[in-house]
Participant: 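My questions will all concern the structure given below.
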Amino acid sequence: MLHQTVPQERLEQVAAAGQGEVFVSAADVVAGLVVLGVAGVVFAGLVTVVIARRAVRPLGEALRLQRQFVADASHELRTPLAVLDARLQALQRKIAGGAAAADEHVTADLARLRDDSRALVDIVGDLLEAAGGDPARPAVVPEAVRIDGVVAEVLRSMSVLADERDVTLRHDTTTASRVGVPHASLRRAVLALLDNAIGHAPPGSTVTLSTRDEHGSAVLAVTDEGPGITGIEPTHVFDRFARSELADGAARHASGGTRPSFGIGLALVREIALRHGGSVRVASTSAAGTTLELVLPASTDTT
């Protein structure tokens, strides 16, 4: 390019003197620069890919270890939970057969314990399936589950915690919809929503669970009468270990000592919803309370 700036007379003198200098045309220079530029872009892309793969590799390994841990823990828990359920069943049979004595309250509590133990077995199986599945277990298409039936089960289980916090549970329903979600997964989601509502509800208040149909979906709404979501964006409550910092001690006292942390419960609800084509959202929040809604596609299977 520098040679191209030399006057033509000077170039002719150099050529006549036979000094052997070589001059390159402008077109050749431009073509060479284009080739070098393309080669530089390709090289930079290759370097970026290599660096990105090395950066992502630890994350992939961490995810693999996490799934392996969940799978191993779930697998190890299945046996003791199965033994616990078998012992409760055996005790029920002894009471029913007259070999052991128990009043009506003990019998009712024993039945609830049996229901809870079977729910734990189902939850562990669901965790194992979510972690990658049991290789020895064939894939099963979930049957349609009546959402109100699962809500009633969760209400019976969580009534003890609600009574301890002096919180009243109410169930309002206007639907009989079924959803194509495994029973254990749906139970986990409903339980997490209800547990969150009870944890943020002040003593003497009411937590309401209601269901309705909405444009081909089944909607479960959980409403508490707490102080509302403050100190955090409402959409962030579904992040793992999200925290809502209360403004001061007075606000904490006014809320009845409710917990500021959302833990991982709501994050699990979102994962379950997304896994089955649904969603979860904050329908409303104010000083009068908060409503969270779980939206799941309604199943056409009526069997």
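Keep in mind the model is a prediction, meaning the values are calculated, not measured.
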Participant: Can you list every pair that meets salt bridge (charged side-chain N to carboxylate O under 4.0 Å, His left out) and has a residue in residues 214-238, with sequence neighbours left out?
Facilitator: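 Residue pairs with at least one partner in residues 214-238: Arg212-Glu214, Glu214-Arg281.
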Participant: Apart from Leu274 itself, what residues make up its hydrophobic cluster, given side-chain heavy atom links below 4.5 Å?
Facilitator: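 None; Leu274 is a cluster of one.
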Participant: Please give me the minimum heavy-atom distance between Ala162 and Ile198, naming the atom from each residue.
Facilitator: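 Between these two residues, the closest heavy atoms are CB-CD1, 4.1 Å.
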Participant: Between CD of Glu271 and OG of Ser185, what distance do you get to the nearest 0.5 Å?
Facilitator: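 Taking CD in Glu271 and OG in Ser185, the distance rounds to 11.0 Å.
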Participant: Applying side-chain contact (heavy atoms from CB on, under 4.5 Å) to Asp148 and His171, what does each step give before you reach the verdict?
Facilitator: CA-CA 9 Å; Asp148 281 334; His171 183 198; 3.4 Å; yes
Participant: If I compare all heavy atoms of Leu296 with all of Ala273, which pair ends up nearest, and what's the gap?
Facilitator: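 Nearest heavy atoms, Leu296 then Ala273: CD2-CA, 4.2 Å.
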Participant: Each residue besides Leu91 in its hydrophobic cluster should be listed here, by chain and number; the cluster joins Ile, Leu, Val, Met, Phe, Trp and Tyr at side-chain heavy-atom distances under 4.5 Å.
Facilitator: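 For the cluster that includes Leu91, the remaining residues are Leu84, Leu88, Ile95, Leu110, Leu113.
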Participant: With heavy-atom distances below 4.5 Å as the criterion, would you say the side chains of Val190 and Leu209 are in contact?
Facilitator: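 Touching, per the 4.5 Å side-chain cut-off.
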Participant: Does a side-chain heavy-atom distance below 4.5 Å link Arg270 with Asp239?
Facilitator: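 Side chain of Arg270 against side chain of Asp239, heavy atoms only: contact under 4.5 Å found.
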Participant: Taking all non-hydrogen atoms of both residues, which atom of Ala189 and which atom of Leu294 are closest, and how far apart?
Facilitator: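 Where Ala189 meets Leu294 most closely, the heavy atoms are CB-CD2, 4.1 Å.
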Participant: Using 0.5 Å steps for rounding, measure from the CZ atom of Arg146 to the OG atom of Ser177.
Facilitator: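 Going from CZ on Arg146 over to OG on Ser177, the span is 9.5 Å.
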Participant: Under the side-chain contact (heavy atoms from CB on, under 4.5 Å) rule, what do Leu266 and Leu292 come out as? Steps first, then yes or no, please.
Facilitator: CA-CA 10 Å; Leu266 296 184; Leu292 302 182; 4.0 Å; yes
Participant: Which distance, rounded to the nearest 0.5 Å, do you find between the CG of Leu169 and the CG of Leu161?
Facilitator: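 It comes to 9.5 Å.
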Participant: Identify the residue among Val237, Thr285, Asn196 that makes a side chain to side chain contact (heavy atoms under 4.5 Å, CB included) with Thr290.
Facilitator: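 Of the listed options, the one satisfying the test is Thr285.
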Participant: Could you report the tightest heavy-atom contact between Ala221 and Thr291, atom names first, then the distance?
Facilitator: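 It is CB-CG2, 4.0 Å.
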Participant: With rounding to the nearest 0.5 angstrom, report the CD1 to CZ distance, Ile147 to Arg178.
Facilitator: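 Between Ile147 CD1 and Arg178 CZ, I get 12.0 Å after rounding to 0.5 Å.
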Participant: Indicate the atoms forming the closest heavy-atom contact of Leu194 with Val222, along with that distance.
Facilitator: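 Closest pair (atom of Leu194, atom of Val222, distance): CA-CG1, 4.4 Å.
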Participant: Mind listing the closest non-hydrogen atom pair of Ser205 and Pro202 along with its distance?
Facilitator: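 In this case the closest contact between Ser205 and Pro202 is OG-O, 2.5 Å.
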Participant: Carefully, step by step, assess Arg53 and Val49 under the rule side-chain contact (heavy atoms from CB on, under 4.5 Å).
Facilitator: CA-CA 6 Å; Arg53 286 184 176 180; Val49 170; 3.8 Å; yes
Participant: With clusters defined by side-chain heavy atoms of hydrophobic residues (ILVMFWY) lying less than 4.5 Å apart, directly or transitively, does Phe43 cluster with Ile51?
Facilitator: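 Hydrophobic grouping puts Ile51 with Phe43.
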Participant: With side-chain contact (heavy atoms from CB on, under 4.5 Å) as the test, would you mind laying out the steps for Thr208 and Asp172 before giving the verdict?
Facilitator: CA-CA 7 Å; Thr208 303; Asp172 295 335; 3.6 Å; yes
Participant: To the nearest 0.5 Å, how far apart are CZ in Arg170 and OG1 in Thr223?
Facilitator: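 These two atoms lie 9.0 Å from each other.
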Participant: To the nearest 0.5 Å, tell me how far Ile272 CD1 sits from Arg188 CZ.
Facilitator: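 Between atom CD1 of Ile272 and atom CZ of Arg188 there are 4.0 Å.
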